[in-house]
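Quick notes on the structure that follows.
Whatever order the structure lists ligands and atoms in, that order sets their numbers, starting from 1.
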Amino acid sequence: MGRTIELAPSILSADFAQLARDIERVQSAGANLIHLDIMDGHFVPNMTIGPPVVASVRKITRLPLDVHLMIEKPERFLDEFIRAGANWISVHVEADVHLDRTLRYLGENGVQAGVAINPGTSLSSLEEILPLADYVLIMTVNPGFGGQKFIPSSLDKIRRLRKIIESNEYHARIEIDGGIGPENLKEVIDAGAEIIVAGSAIFNAQKDASEAVRELRRIAERQTRDIETS
Ligand code: DX5
Ligand code: ZN
């Protein structure tokens, strides 16, 4: 089946005063994307960064920037994030009542169009727009903070989405975000995840961030080989 796993370190858990150093570490260790968490204090109970920081990160890495918008009415800010250099943008199904328009707009502007979904939201809310999505970001914790515990029922949700995508031959890929680390990476890949976001498991690990990326890569490669040969 030849599934490729991409690793997307979330800089939420990086040292913001040493962002260039931290990004360089994960980039040289083979990260595929840089995941940036945008929070507005309304959609989620936390605030983080906006377009200026995305634009600064754009200057220091060649990796695609995966921008996860945890903000109300994300359609208001699409142009700013596109101008800042976002390559992938996900908006939450709970935050945007005009998802069809948003996903089309992202595609027309050369951006990978993603839809993110909270743990408490049913996959059925994606039914109409799934054909338009380049990826679905399944939240495996409640969004807002790094370092939370993976919600076990997410595994079944990933499996069910994988089935829906395959049986309809949609092109959407599955990204997962929250509580992922070496201890559960095998399980989430088995369930059907393809793009793995990890924050604290990379930047707050006992080991260096680059070693943490390499370890996740080793687990991912072993697992995709096992899937292919099974
Ligand atoms: C949480 C964010 C995540 C966060 C994940 O709302 O969307 O991207 O950085 O952090 P960990 O991997 O520590 O759960
Ligand atoms: Zn995120």
Side-chain angles (χ1 to χ4, degrees), residues 5-16 19 22-23 25-26 29 31-50 53-54 57 63-72 74 77 81 86-96 112-121 133-155 157-158 173-189 193-207 209 212-213 215-217 219-220:
I5 304 299
E6 299 199 287
L7 297 178
S10 162
I11 60 165
L12 187 61
S13 294
D15 181 347
F16 274 81
L19 211 42
D22 282 1
I23 289 175
R25 283 184 180 163
V26 296
N32 302 95
L33 301 162
I34 298 296
H35 183 87
L36 299 105
D37 290 299
I38 314 299
M39 305 187 187
D40 66 352
H42 290 277
F43 182 68
V44 287
N46 195 4
M47 292 169 89
T48 55
I49 57 170
V53 178
V54 176
V57 171
L63 293 178
L65 303 184
D66 167 24
V67 173
H68 176 192
L69 297 182
M70 284 161 278
I71 63 178
E72 297 285 2
F77 289 100
F81 284 103
N87 305 95
W88 298 33
I89 295 181
S90 57
V91 296
H92 268 264
V93 60
E94 303 85 1
D96 186 346
Q112 289 288 300
V115 55
I117 181 167
N118 282 338
T121 305
D134 294 314
Y135 65 106
V136 176
L137 196 179
I138 295 191
M139 287 306 304
T140 46
V141 297
N142 287 295
F145 304 93
Q148 302 180 79
K149 224 173 120 13
F150 179 83
I151 297 173
S153 60
S154 311
L155 281 175
K157 198 174 190 182
I158 299 167
R173 298 171 72 204
I174 302 178
E175 179 173 35
I176 54 163
D177 186 3
I180 317 293
E183 68 294 344
N184 57 8
L185 183 56
K186 177 182 176 311
E187 282 178 302
V188 292
I189 292 175
E194 297 164 284
I195 302 140
I196 313 293
V197 178
S200 51
I202 291 177
F203 294 107
N204 295 344
Q206 297 301 336
K207 47 182 98 59
V213 169
E215 182 185 6
L216 292 176
R217 171 72 64 208
I219 298 169

Identity and separation of the nearest protein heavy atom to [atom]:
| atom | value |
| --- | --- |
| atom 12 (O) of ligand 1 | G199 N, 2.8 Å |
| atom 2 (C) of ligand 1 | D37 OD1, 3.4 Å |
| atom 9 (O) of ligand 1 | S10 OG, 2.7 Å |
| atom 1 (C) of ligand 1 | F145 O, 3.5 Å |
| atom 13 (O) of ligand 1 | S200 OG, 2.5 Å |

Number the atoms of ligand 1 from 1 as they appear, then name those within less than 4.0 Å of a heavy atom of [X], with their elements.
| X | value |
| --- | --- |
| H68 | 7 (O) |
| M70 | 6 (O), 7 (O) |
| V197 | 8 (O) |
| P143 | 6 (O) |
| G178 | 14 (O) |
| H35 | 8 (O) |

> What are the two closest heavy atoms between K157 and N118, and how far apart are they?
Replying inline: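 Where K157 meets N118 most closely, the heavy atoms are NZ-O, 2.9 Å.
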
Answer yes or no: is there a donor N or O on one side and an acceptor on the other, between the side chain of [X] and the main chain of [Y], under 3.5 Å?
| X | Y | answer |
| --- | --- | --- |
| S10 | A198 | no |
| Y135 | I195 | no |
| D134 | G114 | no |

> What angle, to the nearest 10°, do the atoms OD2 (D177) and ND1 (H68) form about the Zn ion (ligand 2)?
Replying inline: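 Result: 90°, to 10°.
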
> Taking the Zn ion (ligand 2) as the vertex, what is the angle from NE2 of H35 to OD1 of D37, given to 10 degrees?
Replying inline: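 Result: 90°, to 10°.
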
Out of [options], whose heavy atom sits nearest [atom]?
| atom | options | result |
| --- | --- | --- |
| atom 10 (O) of ligand 1 | G146, G179, A14 | G146 |
| atom 8 (O) of ligand 1 | L12, N204, D177, I202 | D177 |
| atom 6 (O) of ligand 1 | A201, G144, A198, G147 | G144 |

> So, D37 versus H35: side-chain donor-acceptor pair below 3.5 Å or not?
Replying inline: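 There is such a pair between these side chains.
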
Would you say that [X] contacts [Y] through its side chain, given a criterion of any heavy-atom pair below 4.5 Å between the two side chains?
| X | Y | value |
| --- | --- | --- |
| N87 | D66 | no |
| E215 | K207 | yes |
| W88 | L65 | no |
| L69 | F43 | no |

> When rounded to the nearest 0.5 angstrom, what is the spacing between NE2 in H68 and CG in L36?
Replying inline: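 Going from the NE2 atom of H68 to the CG atom of L36 covers 11.5 Å.
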
